[in-house]
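Everything numeric in this text was worked out from a predicted model, so none of it was measured. Just so you know, these numbers use all the heavy atoms, side chains as well, and skip hydrogens, waters and symmetry mates.
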There are 2 protein chains.
Amino acid sequence: MAVTLADVAARAGVSSATVSRVLNGNYPVAGSTRERVQRAVAELDYVVNGQARALAAATSDLVGVLVNDVADPFFGLIASALQAEVGVGAAEPGGKLTVVCNTGGSPEAELTYLTLLERQRAAGVVLTGGAVDSPAHSTAVLARLARLAASGTRIVLCGRPALTLPGESAPLTTLAFDNHGGARRLTEHLLSLGHRRIGYVTGPPERSTTGHRLAGHRAALAGHGMGPGTDAGADADQLIVHGGYDRNAGFDATLELLRRDVGVTAIVAANDTVALGVCAALRDRGLSVPGDVSVAGFDDLPFSADASPALTTVRIPLQEAGARAGRLVMGRTAPPPGGVATIATELMVRGSTAPPATRRS
Amino acid sequence: MAVTLADVAARAGVSSATVSRVLNGNYPVAGSTRERVQRAVAELDYVVNGQARALAAATSDLVGVLVNDVADPFFGLIASALQAEVGVGAAEPGGKLTVVCNTGGSPEAELTYLTLLERQRAAGVVLTGGAVDSPAHSTAVLARLARLAASGTRIVLCGRPALTLPGESAPLTTLAFDNHGGARRLTEHLLSLGHRRIGYVTGPPERSTTGHRLAGHRAALAGHGMGPGTDAGADADQLIVHGGYDRNAGFDATLELLRRDVGVTAIVAANDTVALGVCAALRDRGLSVPGDVSVAGFDDLPFSADASPALTTVRIPLQEAGARAGRLVMGRTAPPPGGVATIATELMVRGSTAPPATRRS
DNA sequence: AAGCTGAAAGAAAGCGCTTGCTGTACGCCT
DNA sequence: AGGCGTACAGCAAGCGCTTTCTTTCAGCTT
């Protein structure tokens with residue numbers, strides 16, 4: 001049915017080995033022969049069978065990327081940039097296809113997709129966000145990754161905690177986001193505006209990012225003498241609500257915060273999506289942003305600049321990170337020394353934060 | 001290096017054919033033998049080589065989806081739902097990996113990825129949005145699709161114009177969005193609010209969607225006696241600005257519309273992203289939405305409900321469409337009769353549209 | 001003119017799997 | 001008891017390519 005190498009060879013009057021060599025250009029072929037072969041290829045509209053090639057040459061044209069959900073702009077931006085980097089002019093030899101796997105944050109799905117990618121002998125795998133910090137899961141993932149690495153699959157972690165393979169000294173290649181620093185600067189910004197009662201809506205507890213951002217927030221408070229041991233920090237826990245990474249979590253958490261009646265003048269959200277929910281809840285209760293309560297997010301997703309008021313947030317250069325992960329997984333770039341590179345984050349001050357309303361006590 | 005079928009066979013004391021049969025479960029194997037094989041598989045941690053399997057069985061575990069850009073929520077939602085549908089419990093036999101290809105709307109990229117997918121002998125291909133309505137391109141794409149179809153690759157078009165393979169009577173399986181109807185109802189909504197001067201910012205001219213939406217808009221106007229031939233429709237062209245699908249296009253187009261000073265009381269945008277730009281431009285000029293000018297979008301992307309004011313728009317059930325495309329491309333669902341199914345759109349009335357401000361003439 | 005070199009082409013052995021066909025041994029029928 | 005059908009299991013032939021090793025042959029050297 002389909003045209004094969006042999007067909008092309010027959011038409012060009014050469015052996016299939018020669019055709020293969022013309023196609024791959026890694027062996028001397030006389031100019032005239034090359035031309036004849038190329039003509040035959042064009043005439044027959046021959047397209048190499050990637051599976052046969054992969055089997056024979058023990059290579060693969062696939063790169064996998066594990067994301068929570070590619071519909072989430074956070075992951076979409078990473079995946080998009082990665083794909084652009086990996087796909088290269090696409091026809092170019094070495095250009096690879098990107099397999100997107102939505103894990104939904106489920107450890108089982110993550111393992112399953114890892115197996116599927118191993119089955120396809122993927123050339124590389126990029127793991128993003130979704131890490132669930134359970135030791136059991138980490139162990140299982142590590143086992144899979146160890147086998148992948150052993151079989152030559154390049155592995156890159158992007159925005160998730162560094163992982164060290166058993167028996168290795170350096171961790172796997174990792175692009176870590178500076179969540180801690182970003183969160184710290186964000187809270188410092190609020191403090192410098194004069195806020196002293198700052199609510200905080202966390203992300204899902206099992207996500208490592210959640211902890212890092214919260215820690216940054218606390219570091220900022222501590223730096224202003226509002227640490228846990230201090231007077232000002234006495235009811236610090238009351239200002240924190242545990243949420244999740246979606247809009248509704250922000251909405252509900254905000255209602256809870258208001259119910260506690262702790263007098264917040266600002267609320268920091270786990271990320272921009274949550275911040276949207278926070279704003280919605282505040283408006284729902286008749287409070288204006290930032291007139292009554294300032295709101296800040298994290299990630300600087302595209303919609304954040306267009307929200308009204310525009311959201312003060314912390315920018316993570318997701319596209320740069322995705323592109324860099326792409327280069328790393330293709331082996332076009334050397335891994336950072338020590339395996340781990342930290343991606344800087346940047347405070348974006350916009351309209352959703354302002355000094356607290358002056359009120360008589 | 002890697003564990004092969006033969007290794008498992010040796011360990012289980014059977015032939016590799018038997019191992020293959022146990023793995024595929026498509027041939028009778030005695031219970032005791034099956035068990036022994038399964039134990040060997042587990043002990044050796046065997047993972048089948050997908051490429052070898054694909055070559056031998058002439059099957060593939062890949063499904064490709066061509067999108068403009070997966071970072072764009074419009075495509076991200078489709079891709080995500082598609083992936084979820086196609087990936088099935090993932091381990092399940094028949095679960096396929098989704099290859100995401102960003103074409104950036106470029107015809108060449110589209111062709112290149114189609115070739116790449118043919119090379120991998122993809123089991124199916126879903127083409128979304130990005131169609132550029134140039135005849136040359138259509139012809140080239142058709143040629144590629146014809147070959148793919150001939151080799152058994154299932155093809156589904158999602159949100160792009162139906163295409164008929166040369167020599168075929170029925171078009172390829174297509175999920176078409178009812179852009180025309182949605183746009184018509186949207187404009188009718190504005191008309192019924194009392195708007196008579198309605199600006200329109202189009203999408204990119206080469207996109208088929210652009211034409212359909214604009215046609216729907218015009219149909220609504222015509223239905224209210226405001227067609228091109230009428231008095232009211234005399235300067236209809238002045239009310240239309242040609243734009244693109246991004247925020248800046250909306251911003252610039254709006255400024256242009258205001259510059260023309262045609263007295264618009266409402267602006268319909270090509271899509272939600274554009275609408276965001278429209279709102280930004282209006283605010284930039286000191287106009288309030290919907291106080292001074294009503295604004296409407298299209299697509300009902302997730303951020304639209306959270307914009308403030310919340311955006312009146314036309315909902316396209318992108319996730320349903322993606323999931324359905326997934327089922328079709330997997331052959332789990334029969335194609336719609338006639339090949340083409342139209343996906344209904346729904347008017348979502350929210351806060352960004354209101355009756356025009358009463359003004360003395 | 002014989003021998004050598006090196007470039008170019010071919011033969012053929014796999015890569016790891018599936019599957020049609022060929023055994024083989026058992027149970028069952030008559 | 002002899003012949004058959006049935007249920008498994010194995011053999012071996014590919015799937016379409018890459019790549020090692022061999023062969024061929026033109027062009028030089030001495």
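Checked against C/dG10, D/dG10, D/dC17, the side chain of A/Ala52 finds its nearest nucleotide in D/dC17. Comparing atom distances between the A/Val14 side chain and each of C/dG10, D/dC15, D/dA9 picks out C/dG10 as nearest. Relative to the side chain of A/Arg21, the nucleotides D/dT18, D/dA9, D/dC21 differ in distance, and D/dC21 lies closest.
Judged by distance alone with a 3.5 Å cut-off, no donor-acceptor contact links the side chain of B/Arg119 to the base of D/dG16.
Per the geometry, CD belonging to B/Glu35 stands 13 Å off P belonging to D/dA9, to the nearest Å. Between the P atom of D/dC17 and the CZ atom of B/Arg53 lies a distance of 21 Å, rounded to the nearest Å. Computed from coordinates, the B/Arg121 CZ to D/dC15 C1' distance equals 11 Å when rounded to whole Å. Rounding to whole angstrom units, CZ of residue B/Arg36 and C1' of D/dA9 are separated by 11 Å. Taking atom OH of A/Tyr27 as the reference point, atom P of D/dT19 lies 12 Å away to the nearest angstrom. Atom CG in A/Leu55 sits roughly 9 Å away from atom C1' in D/dG16 (whole-Å rounding). Atom CD of B/Gln120 is separated from atom C1' of D/dG16 by 13 Å (rounded to the nearest Å). At whole-Å resolution of the value, CG in B/Leu5 and P in C/dT19 are 12 Å apart.
Contacts of B/Ala17 with the nucleic acid, taken as non-hydrogen atoms under 4.0 Å apart, include base atoms. Across all strands shown, A/Asp7 has no heavy atoms under 4.0 Å from either base or sugar-phosphate atoms. Within 4.0 Å of B/Ser20, counting heavy atoms only, lies at least one base atom of the nucleic acid.
In this structure a side-chain-to-backbone donor-acceptor pair under 3.5 Å is missing from B/Ser16 to B/Ala6. The backbone N or O of A/Asn26 lies less than 3.5 Å from no partner atom in the side chain of A/Asn24, so there is not a single donor-acceptor pair.
Sequence order on DNA chain C of the closest nucleotides to B/Asn49 and A/Ala30 puts A/Ala30 first from the 5' end. Annotation: of the two residues near DNA chain C, A/Ser32 and A/Ser16, the 5′-most nearest-nucleotide partner is A/Ser32.
Between the side chains of A/Thr115 and A/Arg144, at least one donor N or O sits under 3.5 Å from an acceptor N or O.
Between A/Asn24 and D/dC17, a side-chain N or O to OP1/OP2 separation shorter than 4.0 Å is absent. Side-chain nitrogen and oxygen atoms of B/Ser15 include at least one within less than 4.0 Å of the OP1 or OP2 phosphate oxygen of D/dG10. Applying the 4.0 Å criterion to OP1 and OP2 of D/dG10, one finds that B/Thr18 has a side-chain N or O inside that range.
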Checking side-chain contact (heavy atoms from CB on, under 4.5 Å) for the pair B/Ile155/B/Leu127: CA distance, chi angles, key distance, verdict?
-> CA-CA 8 Å; B/Ile155 299 172; B/Leu127 294 97; 3.9 Å; yes
Check against side-chain contact (heavy atoms from CB on, under 4.5 Å), B/Tyr46 and B/Leu23 | CA-CA 11 Å; B/Tyr46 171 72; B/Leu23 257 30; 3.6 Å; yes
